[in-house]
Amino acid sequence: MTIVLQAEGLAKSYGRIVVVDDLSFEVARGECLGVIGPNGAGKTSLFNVLDGGVRADRGKIILNGEDVTHLPRHKRSHKGIARAYQVPQPFPDLTVFENVLVAASFAGRLHGHAAESAAWEVIHRVGLQERIRDLAGGLRLLDRKRLEVAKALAARPQLLLLDEVAGGLTEAEVNVLVDLVKSLKPDFGIIWIEHVAHALAATADRLMALHFGRKLIEGTPDAVLGSREVREIYLGIVDDAAA
Amino acid sequence: MAAVTTMLSRSPGRHHLLLMPAVLLVLALCAVAAPFVVGEGLLRLSSEILLIFAMAQMWNLLSGYAGLLSIGHQVFVGAGAYGMFALSIHAGVNPYVAIAFAPFVSGLLAALVAPILFRLRDAYFTIGMWVFSEIVTILVGKSNWLGGQNGLTLSALRDMDPDWISPISFWWAAFAAIGSLVLLAGLMRSRLGLALLAVRDNDVAASSLGIDVWRSRFIAFVISAAGTGLCGAIYFLGPAHILPAAGFDPNWVVIMLFICVVGGLGTIEGPIVGTIVYFGLRQAFATSGNWYLILMGSVAVVVMLVARKGLWGTLHARYGISLIPIRREPPSDKTFGI
Ligand SMILES: Nc1ncnc2c1ncn2[C@@H]1O[C@H](COP(=O)(O)OP(=O)(O)O)[C@@H](O)[C@H]1O
Ligand SMILES: [Mg+2]
């Protein structure tokens, strides 16, 4: 198995708040690493550090054997990191086609017809063909999430970062997305954050549970979901909510 | 109406590829002939209209397409004009030729200040541009080399045939106006144009998708400044005299802003409409003193209230009309055998 991503001792704090705390892990091609953890555990912050949105205070990010720790975000994108944001980030005044074309042209480094047909294919793959000429700013939630995934795919990544792409969707809609991600798995390494662990159990090869920025436990989905640590934090939340 | 709308908006690119050069050729021929047909007064007014239009289009490029709102663009008008004057006076370059160097002066100024101004975000950039413009105005006013508060006079022009000043100004102005259209249409259909649109809409997503946000903005900024400087130089050829207060007059940017806001920021057609409205109002009410300014302000406010995307922008959004389409059309399903 080829290792796509190696994260070594990543750390990030905002003032005295530690949001990513000494995290090390690996992702191989064809593998999906699920990341779970309560709200505020630092999952999104981990993606910010990985994709270059913020600089890590410490640690190393190795992509395909190359150290990308000090590259700015757009260069990491060229190296093959693509991300679907938790809060979709469309280009509202561009059409769906143009949105995906941006991804294919710049992150995917395609030109002319190659870029256009790549965008076209990805849009069909995620089921957005009916909206292809619509402005992205007017899409409903599911379509905005699909567009977010479409852009990440059109980027032709080595490493795909999915941040709660199933959040806010119905059961049926989640299944569509899960199938989509499963069909993509062979092509690249995936890190998939989902607040709700069940959506991940079916897709992820391994799970990593975060709490206060730190790795609680990592292993097979069954082992992680069944572990005392994970049950404690999730039960803890249930208790809080009930109180 | 619906049929026309569909035809205008959905016509394939190939159709326009032939139409655009044809229209441009006709415009260029009209421009060449105009000085021989039109009287002196009208020719001067036409030059002014064309220059203001081109400046508005340059402001549109930066603010409407690159998303950088500048209220200091007068600095580039003055820089281009002063650059041309200085080249002619201090280096003896023919003024008509010196105009061609003006864009390099204003463009260079933009390139030099960009690393500082680009550290400022959004409203801070806007204010930063204004402060920068004020600083340059003061420095120019203190520079003996640039004539200080007395300004500079283009004395070389005195030795030239006066009959040719207006026609040559006009040809330069027509070149700037047509050039601004071609530049914007070409740019927006290019890869860089797509990058700019993406950056304008969402800079986080743009950089996530491999776009060098800083570089895209930088290029737009420098092109916009260069074009504005060219127009400034052409404009001051006629008066043959420039003062800091005239070259760096904040009114320049107010006019550019008015035209783009009224016509439609971020559309290529908008500034055409805005320029017509601006000069229409000015010609109709110029004699009524301050009332004309109040009227301008009111028009801008009313347009912003009832048609937030400007006159053309609103038409475009509602009916999909587009004279110079820059939307990228998806390949047809047939191409892929579906
Ligand atoms: N830019 C920031 N400045 C300060 N604190 C931040 C910033 N971004 C995130 N945080 C904090 O980091 C913690 C982790 O947030 P986040 O990574 O979004 O969690 P998750 O995605 O797991 O819900 C939260 O406490 C959040 O308030
Ligand atoms: Mg999050």
Side-chain angles (χ1 to χ4, degrees), chain A residues 47-48 51-53 72-85 87-113 115-121 123-124 129 132-133 135-137 147-148 151-152 154-157 161, chain B residues 6 9-10 12-13 64-67 118 188-218 264-267 270 308-310 313-314 316-318 320 322 325-338:
Chain A
F47 275 9
N48 288 341
D51 88 342
R73 180 156 54 190
H74 68 274
K75 291 212 176 119
R76 291 193 204 181
S77 155
H78 296 163
K79 299 283 180 198
I81 297 183
R83 168 176 181 185
Y85 284 83
V87 178
Q89 301 284 333
F91 305 112
D93 286 335
L94 301 187
T95 63
V96 164
F97 177 68
E98 288 169 325
N99 266 265
V100 182
L101 188 63
V102 169
S105 303
F106 298 100
R109 317 200 93 172
L110 294 172
H111 289 257
H113 285 303
E116 285 177 9
S117 46
W120 191 93
E121 269 166 32
I123 287 168
H124 281 70
Q129 60 276 14
I132 195 164
R133 289 164 191 273
L135 291 185
L147 178 59
E148 200 59 23
K151 284 191 299 180
R156 304 198 302 164
L161 307 176
Chain B
T6 325
S9 59
R10 287 280 152 85
Y65 285 108
F118 281 14
M188 284 313 135
R189 289 171 184 200
S190 73
R191 230 173 132 79
L192 174 62
L194 186 63
L196 284 176
L197 293 172
V199 170
R200 174 197 67 184
D201 271 16
N202 187 337
D203 57 350
V204 169
S207 77
S208 251
L209 292 175
I211 295 172
D212 188 337
V213 172
W214 199 95
R215 184 172 157 273
S216 311
R217 284 191 174 137
F218 179 82
L265 194 60
T267 66
R308 263 194 46 234
K309 296 177 167 179
T314 304
H316 174 72
R318 199 160 299 166
S322 176
I326 58 159
R327 281 257 174 256
R328 285 151 180 88
E329 292 292 324
S332 65
D333 290 0
K334 285 192 204 99
T335 325
F336 292 90
I338 284 187

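Lettering of chains follows the sequences in order, A, B, ..., and the numbering in each one begins at 1. The analysis underlying the following values was restricted to heavy atoms, covering all of them including side chains, and did not include hydrogens, waters or symmetry mates.
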Gap between atom CD of A:Q89 and atom CG of B:D203 - 0.5 Å precision: 9.5 Å
For B:S208 and A:R83, run side-chain hydrogen bond (donor to acceptor under 3.5 Å, both in side chains): C-alpha distance rounded to whole Å, both residues' side-chain angles, the deciding distance at 0.1 Å, then the answer. CA-CA 7 Å; B:S208 251; A:R83 168 176 181 185; 5.8 Å; no
A:S105 backbone acceptor or donor facing B:R191 side chain under 3.5 Å: yes
Compare all side-chain heavy atoms of A:D93 with those of B:L197 and state whether any distance is below 4.5 angstrom. no
Looking at every heavy atom in both A:E98 and B:I326, which two are closest together, and how far apart are they? OE2-O, 4.2 Å
d(A:N99 CG, B:R328 CZ) to nearest 0.5 Å is 12.0 Å
Please look at A:H111 and chain B and tell me whether the side chain, the backbone, both or neither of the residue comes under 4.5 angstrom of a heavy atom of that chain. both
Heavy-atom pair of closest approach, residues B:G210 and A:H78: O-NE2, 2.8 Å
Region of A:F91 in contact with chain B, defined by heavy-atom distances below 4.5 Å: both
Could you tell me the separation between the CG atom of B:L194 and the CG atom of A:L101, rounded to the nearest 0.5 Å? 5.5 Å
Part of A:I123 within contact of chain B (heavy atom distance under 4.5 Å): neither
I'd like to check A:H74 versus B:L209 (side-chain heavy atoms, cut-off strictly below 4.5 Å). Are they in contact? no
Closest contact, heavy atoms only, A:Y85 versus B:V204: OH-CG1, 3.4 Å
Do you know which two heavy atoms are closest between A:I132 and B:P330, and how far apart they sit? CD1-CB, 3.7 Å
A:A103 versus chain B, the contacting section by heavy-atom distance below 4.5 Å: both
Tell me, for B:R327 versus chain A, whether the close heavy atoms (under 4.5 Å) come from the side chain, the backbone, both or neither. both
